[in-house]
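Report on one structure; see the data block that follows.
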Amino acid sequence: MATRGMVASPHSLASAAGVDALRAGGSAVDAALATGAALSVLYPHMTSVGGDAFWLVYDARSRRVRYLNGGGRAARSASIDWFRARGMTEVPLRGFLPATLTTPGAVASWCAAHEEYGRLPLARDLAAAIGYAREGFPVTARLARAIELHASDGSLNASALEIFSPGGAAPRAGGKLTNRGLALVLDRIAQDGREGFYGGETARSLAAFSRAGGGFFDEADLDEQGASWGEPLSGSYRGLEILETPPPTQGFTVLEMLNLIEPFDLGPYQGPDHAHLLVQAKQIAYHDRDRWLGDPQFVDVPMRRLISKPYADERRRLIDPARALPWDKVPSEGSLTGDTVYVAAVDAAGNAASLIFSLYGVFGSCVTCPETGVVLQNRSAYFSLDAAHPNRVEPGKVPLHTLIASLAFREHEGKERLWAALGCMGADGQPQIHLQAYVAMIDFGRDIQEALAMPRWLSGRFALGEARDTLHIESRFPRETIGELERRGHLLDRWGEWNELAGHAHGITIDPESGVRAGGFDPRSDGAATGY
């Protein structure tokens, strides 16, 4: 808890960098930038300047929340026919093709957010990240395991191996790594802003690397990448207002799931009815996601209807309180596996930044550009090669994004006040984690730390061949709950007590009377909630 500022993220050093920015007079956006940039160095298996980012930014003075879209766009040369001519039925998960099919969008969003809400020089915000990249950063056990796994299975390209497995050996936990190419790129961004990444030497290096590997994007694609401001999605649950990021992200599924469960008595906390009803809501909302979601600049997404209470009333008829709802009619695209970082920041003035920032898979495409040290994302693997699908590959299009960020408001003394900033990693699991955390806090009175550390389930497929309605569940759930869920027909995958696949969730809540900020971090991560 803290009285002035708070930052929560999946790495303690990144959270500390954000609080340093707050102490120096920075805004919530400055803190989020400092934290996010540090994570691009400290947590390279989870995020990178070669990835995408989406924001919700709350301005306390105007009492307004704005959405910022930092999704990378498909290159001008992208086409379904290109893949079909090579006998491909889906975009590959790893390698040059997903790495260069879309341009990185995160840095464009950094610069747009800083231009509007930054109080410190951009160079100050990026200073900690530059220092860690140039002088070295500590390797956590989680990062060491990720490097060892992906180095041993041949996923990482030669440039990635040179950076993350210097001398041919994966680093040990407690060891140190440097990424001097990335330090140079971050320094260019610090000095020249957007042009430091999408123009000049960095853009030339990325484009040359793309050409050499037979990739898609070039200098013109990088130059055209931008970030755009818009309005968040808004819904209500038990009298609170919940805001989520709109399409092309899957934020609407959180609002739809909350609408679906609102009339139900969820029963005891962590009881079988509680989990059973939430899982059924997930099945319905994800069916709608896979049917309708795409880039709204290219397709008509019926969003107003999807998040409406009357639509939930119709869809709720599918829920059977006694038996699991099967997935049999849901399209097969998508999986749960994915790696992301989430940053929540609240400053002394009550402004907030809710930032989600990712590569998609572990180490993204597993492709790193040698001159820049930039790990490139594989977000474009989420595109469909079905010409009739709203998420089909098209030039300039942002793929369906699992990335979502959230803010919540509750009424106090007749006024709507910022109450929570919440987010997590976990690809398809992200809305499910939002749902479980909000229900824990709103329905059952848990504080932010309790809500994020509670035993967790995720419904869906982690691996090819696994059923889309598999229910993965941590063993800290009561034995009676797990047994009853199986009796009701859920296809259970029993996890251990703690499983990192259940996601890294972080958040901040604000006491409406005292203004005290309470931060929560996920014990499944290396994170911290840090304030002053």
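Scope of the values below: all heavy atoms of this structure, side chains included, with no hydrogens, waters or symmetry mates. Being a predicted model, the structure only gives us computed values, none of them experimental.
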Closest non-hydrogen atoms of Ala405 and Leu56, given as atom of the first, atom of the second and distance, are O-CD1, 3.4 Å
Tell me whether Asp273 is salt-bridged to Arg488, with the criterion being a basic N under 4.0 Å from an acidic carboxylate O. yes
Under 3.5 Å donor-acceptor, Asp295 side chain and Pro399 backbone: no
Which pairs count as side-chain hydrogen bond (donor to acceptor under 3.5 Å, both in side chains) when at least one residue sits in residues 315-324, sequence neighbours excluded? Asp288-Arg315, Tyr311-Arg315, Asp313-Arg316
Going by the ring pair (Phe, Tyr, Trp, His ring centres under 6.0 Å) test, name the single residue among Phe54, Tyr117, Tyr67 that passes it with Trp229. Tyr117
Determine, for Asp347 against Arg4, whether the closest basic-nitrogen to carboxylate-oxygen distance falls under 4.0 angstrom. no
Residues Ser406 and Tyr438: side-chain donor-acceptor under 3.5 angstrom: yes
Charged N to carboxylate O below 4.0 Å: is that the case for Arg468 and Asp290? yes
Please determine if Glu474 and Arg476 form a salt bridge, counting it only when a charged side-chain N lies under 4.0 Å from a carboxylate O. yes
How are the rings of Trp495 and His472 set to each other: parallel, tilted or perpendicular (split at 30° and 60°)? parallel
Counting only heavy atoms not in Glu450, do more than 12 sit closer than 6.0 Å to its CD atom? yes
Does the Asp526 side chain pair with the main chain of His11, one donor and one acceptor, at a distance under 3.5 Å? no
SB check Arg479 Glu484 (cutoff 4.0 Å): no
If the threshold is 4.0 Å, N to carboxylate O, is there a salt bridge linking Lys282 and Glu256? no
Do the side-chain N and O atoms of His506 and Asp522 include a donor-acceptor pair separated by under 3.5 angstrom? no
Is the backbone of Phe357 close enough, under 3.5 Å, to the side chain of Tyr342 for a donor and an acceptor to pair up by distance? no
Which heavy-atom pair separates Ser9 from Ala14 by the least distance, and what is that distance? OG-CB, 3.7 Å
Taking salt bridge (charged side-chain N to carboxylate O under 4.0 Å, His left out) as the criterion, tell me which of Arg456, Arg142, Arg524 meets it with Glu500. Arg142
For Gln280 and Leu325, indicate whether the former's side chain and the latter's backbone hold a donor-acceptor pair under 3.5 Å. yes
Strictly by modelled atom types, are Thr530 and Ser15 linked by a side-chain donor-acceptor pair under 3.5 Å? no
Please determine if Arg289 forms a cation-pi arrangement with Phe252, meaning its NZ or CZ atom is less than 6.0 Å from the six-membered ring centre and no more than 45° off the ring axis. no
Contacts of Glu416 meeting salt bridge (Lys or Arg N to Asp or Glu O under 4.0 Å) (sequence neighbours excluded), chain-then-number -> none
Treating Gln449 as the side-chain partner and Phe521 as the backbone partner, does any N or O pair qualify as donor plus acceptor under 3.5 Å? yes
Is a side-chain donor or acceptor of Asp30 paired with a backbone partner of Ala21 at a separation under 3.5 angstrom? no
Classify the ring geometry between Tyr58 and Phe409 as parallel (under 30°), tilted (30 to 60°) or perpendicular (over 60°). perpendicular
Is it the case that the side chain of Thr249 and the backbone of Thr245 share a donor-acceptor pair, with hydrogens and angles ignored and the cut-off at 3.5 Å? yes
Determine the minimum heavy-atom distance between Arg392 and Lys397, stating which atoms define it. O-NZ, 3.0 Å
In terms of side-chain geometry, is the basic nitrogen of Arg66 or Asp59 positioned less than 4.0 Å from the acidic oxygen of its partner? no
Between Asn69 (side chain) and Ala227 (backbone), is there a donor-acceptor pair under 3.5 Å? no
